[in-house]
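To start, the structure itself, in C-alpha cells.
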Amino acid sequence: MAHVYAAVAASLSSGGVESLGWLNDLLGQLWPTASIAIGALTKETVEPMLAEVLPGPLSTLRFTKIDLGSIPPTFDRIDVHTRHEGFMRLNLDIAWEGECDIELKADGLPALGVRYVRLRGRLSVVLGPLVERLPVVSAVQLAFINPPELSLDFTGLANVADFAGVDKAVRKTIDGVLRDLMVLPRKMFLKLDPAKGCIDAHHDPLGVCRITVVRAGGFKVQGRMLGKDVPDVYIKVKFGANPAWKTEVKRNSTSPKFDESRDFLLSDHDQIVFVEAFDDDVGSLVGSADDYLGSGAVSVGELLLADGRTVDVPLANAKKGKHYVERCSVTLKCDAFPLATDLASLDLDLNLCGLLSVIVAKAYGVPGEKKDAAPYVTVAFGRKVNRTVTVLDAPGIDVLNPTYDATFLMPLDYDAAAAIAETPVVLTLMNGKDEVGAATVDYAQLLEAQDLTVKTKAEVDEVPSSSFLSLFVGFVIRRKAEAAVQLSIMITGGNFNFSIDIDSYAPAHQAKVLSSLTNMQQLDRTL
C-alpha cells in the first residue's frame, strides 16, 4: 500500500497557493449582472427542493424576490491540480458577507425574508472534459469540499421566534439543500458545451477512507457532593455530507479506548474529519443535554501522510472545569482504499464494499400539457430511493423533454452488495403525482451486455407511450484480494463499482465475470 500513500502526497502537491485579487476585481465589475443570473439559478434549483422537504404550509414556499445586493463574494488561496486526463481541478476559498433582499411567500402565511447572508468555505471546481473547440471547457462541476459555514438573518415570518418553529425549520432545510446540492461527494453540474453532458464529466470518487476512532485522553475526574464523577465519553465524527457517526459510550474512563471504524466515500484529500467529544449524562434529568467536552478537526491528507496514518487531534472550544484538561485529544487513524480491481477487499461486517452510481441524464416524451407538467425521476435500489429535482415549465426549459444531469452515489454495505443479483435498479418517471412508467436495469442485463456496457435510451414500460429515459448505471465488484473483479455498466453514462463473492454465483456467471477482466482497463488513478 506504500504507493497509495505516496500518491496522496502527489495529489496534494501543486504549483502553490495563490491570491485572486484580479478575479475579485473582475467579479466586482460583473456582479450586477452575475447576481441576477445566480438568483435565477437559485430559484430554478432550490424552489422545487423546498416544496419537497418543507413541512405543511411551508411546502408552498416560493421566491417572490431575489436581490443579492451590491457586495460580491471574494475568492482567495487558489490551488490548481490535474487529477484526470482532460480535466482540471481548482480548490479555492470563498467568503461572502452579503446584504441581500430576498423574499419568500407561502400560501396562507405572511412573507418571509433574508436580509443578510454570511458564507465561508472551500470550493472544488472541476473543469472538463476539455475539448478542442470553443469554449474548450465543456462543463463545470462545483462542490464544497467540506460543509461551509452559513448564517442567515431572517426577517418577517421566520424572525418570529415562537411561530411554530419556522425559523428552525427553514434554516435546517436550507442547510440540507446546500448539503444535498454541492457538498462532496455531491456536485452541482453546469453545462457549457451542448454536445457534452453529465455522463461525459463523471468520475467516481477517489475511493473509500476508513476512519478509526482509536482512543481519547486527557479528561479528568470531577468531584461532587455524592462522590466522584468519572466521565462517560463518546465521540461524534462528521465527514462531508454524511450523517454524524457516534461511537459507543465508554463508561467511567478518563482515557477511553474505542477502536471503532466507519467507512466513507473519499472525494478529495482536503476533506476534513470533524470530531466532538461528549460526556453521556446517564440518569440525568429528562431533556438535559450531554456535556460537551471539546472538538477538533484534521484533513484526510494529513492523516494519510502522518506516521502510521494516525494523528492525535487536540480538542478545543471545551468548557473548562468539566472533565477537561489542556491536553485533551482524540486519536484518529485513516486507511484509504481506491476503487480498483486488484485491491484487497474491505471487511464485510460493517464497512462499505460497493458503490452504485446512477446518472439520470434526460427524459423524453413526458405526456400532457406543458403548463401542467412537473416531471421528475426516482432511482430505487432495494430500500435506497433517490429522486431528481422536479422540472417546471419556464422560459428556456423544455419541460416535456427535461434535462436532469443528476448523479446519485449509493454506497453499499455487504448485505446490499450480496443482493445485487436479485435486486434491480428501478428508475421511475413521474409527472407530478402520476407515474408515467419505469425502466429496470438488472444484473443479468449487465453481465450479458458486450464489454459489460449497455448504452440506450430506456423506454418506460408501464404504459404505451413514447417516453424514454437516458440513463447510466455502473458497478465495481470486489471480493477478498485475489477474487476482485470490476464491472462497468453504462446506459448512456456512468459506471458502478461493486464487490461480490464470486463463489456464491452460478458457474456460468462466474465465467462471464472472470472473462470480463481481460476486457477491462485498469483504473487510471490511485489514491
Side-chain angles (χ1 to χ4, degrees), residues 14-15 17-46 66 68 72-94 96 121-145 181-182 184-204 267-268 359-364 388-389 391 394-399 401-407 455 470 472 490 492-495 524-525:
S14 67
V17 174
E18 299 181 7
S19 63
L20 285 170
W22 65 270
L23 179 59
N24 295 325
D25 291 341
L26 177 62
L27 183 57
Q29 298 294 319
L30 295 175
W31 185 244
T33 302
S35 63
I36 297 174
I38 294 172
L41 179 63
T42 300
K43 179 178 176 65
E44 175 187 327
T45 305
V46 176
I66 301 180
L68 299 182
T74 58
F75 298 93
D76 201 3
R77 299 181 62 247
I78 187 172
D79 209 357
V80 181
H81 302 260
T82 300
R83 178 173 292 165
H84 305 288
E85 184 177 355
F87 290 81
M88 294 180 59
R89 177 171 60 92
L90 318 176
N91 288 357
L92 66 163
D93 291 344
I94 180 173
W96 186 31
R122 188 156 180 82
L123 280 172
S124 171
V125 182
V126 177
L127 307 177
L130 306 179
V131 293
E132 295 179 348
R133 60 179 182 275
L134 294 176
V136 180
V137 175
S138 59
V140 178
Q141 297 178 77
L142 301 172
F144 285 101
I145 298 173
L181 278 177
M182 52 183 305
L184 288 176
R186 300 173 179 89
K187 303 174 183 177
M188 177 177 285
F189 177 79
L190 303 175
K191 182 188 296 187
L192 302 181
D193 184 347
K196 297 290 184 179
C198 189
I199 291 170
D200 303 296
H202 175 72
H203 283 101
D204 288 327
S267 300
D268 195 291
I359 297 178
V360 181
K362 188 177 178 66
Y364 302 86
T388 67
V389 298
V391 176
I397 302 296
D398 186 355
V399 71
N401 298 283
T403 297
Y404 295 104
D405 281 330
T407 301
K455 299 180 180 180
S470 177
F472 161 92
M490 189 173 191
T492 313
N495 58 36
D524 61 358
R525 66 182 187 279

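Bear in mind that the values here come from a model prediction, so they are computed numbers and not experimental data. Numbers for residues simply follow the sequence, beginning at 1.
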Exercise. Please test Leu190 against Leu41 for side-chain contact (heavy atoms from CB on, under 4.5 Å), starting from the C-alpha separation and ending with a verdict.
Key: CA-CA 11 Å; Leu190 303 175; Leu41 179 63; 4.3 Å; yes
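- For the pair Trp96 and Leu68, the minimum side-chain heavy-atom distance is below 4.5 Å.
- Looking at heavy atoms from C-beta onward, Glu18 lies out of side-chain contact with Val80 at the 4.5 angstrom threshold.
- In this structure, CG on Asp79 lies 9.5 Å from CG on Leu92, to the nearest 0.5 angstrom.
- You'll find the side chain of Val137 stays beyond 4.5 Å of the side chain of Met88, heavy atoms only.
- A distance of 11.0 Å separates CG of Leu26 from CG of Leu20, quoted to the nearest 0.5 Å.
- For the pair Ile66 and Gly39, the tightest heavy-atom approach, listed with the atom from each and the gap, is CD1-O, 3.3 Å.
- The NZ atom of Lys362 lies 13.5 Å from the SG atom of Cys198; values are rounded to the nearest 0.5 Å.
- Residue Asn24 holds its CG atom at 5.5 Å from OG1 of Thr74, rounded to the nearest 0.5 Å.
- Rounded to the nearest 0.5 angstrom, Met188 CE and Leu181 CG are separated by 5.0 Å.
- Side chain of Asp93 to backbone of Arg77: no donor-acceptor contact under 3.5 angstrom is found.
- Asp193 has its side chain out of reach of Asp200: every pair of non-hydrogen atoms, C-beta onward, lies at least 4.5 Å apart.
- Between Leu184 and Ala143, the shortest heavy-atom distance links the atoms CD2-CB, 3.7 Å.
- Side-chain atoms of Asn401 do not come within 3.5 Å of backbone N or O of Tyr364 as any donor-acceptor pair.
- The line from OG1 of Thr403 to CD1 of Ile397 is 8.0 Å long, rounded to the nearest 0.5 Å.
- Looking only at side-chain heavy atoms (C-beta outward), Ile38 and Trp31 come within less than 4.5 Å of each other.
- With hydrogens and angles disregarded, a donor-acceptor distance shorter than 3.5 Å links the side chain of Arg122 to the backbone of Asn91.
- In this structure, the side chains of Asp268 and Arg89 come closer than 4.5 Å at one or more pairs of heavy atoms.
- Residues Lys191 and Gly197 share a closest heavy-atom pair of CE-CA, 4.1 Å.
- Using a 4.5 Å heavy-atom cutoff, the side chains of His202 and Asp204 are in contact.
- Within the 4.5 Å cutoff, the side chain of Leu130 has no heavy atoms near those of the Phe87 side chain.
- Among all heavy-atom pairs drawn from Pro129 and Ser138, the shortest one is O-OG, 2.5 Å.
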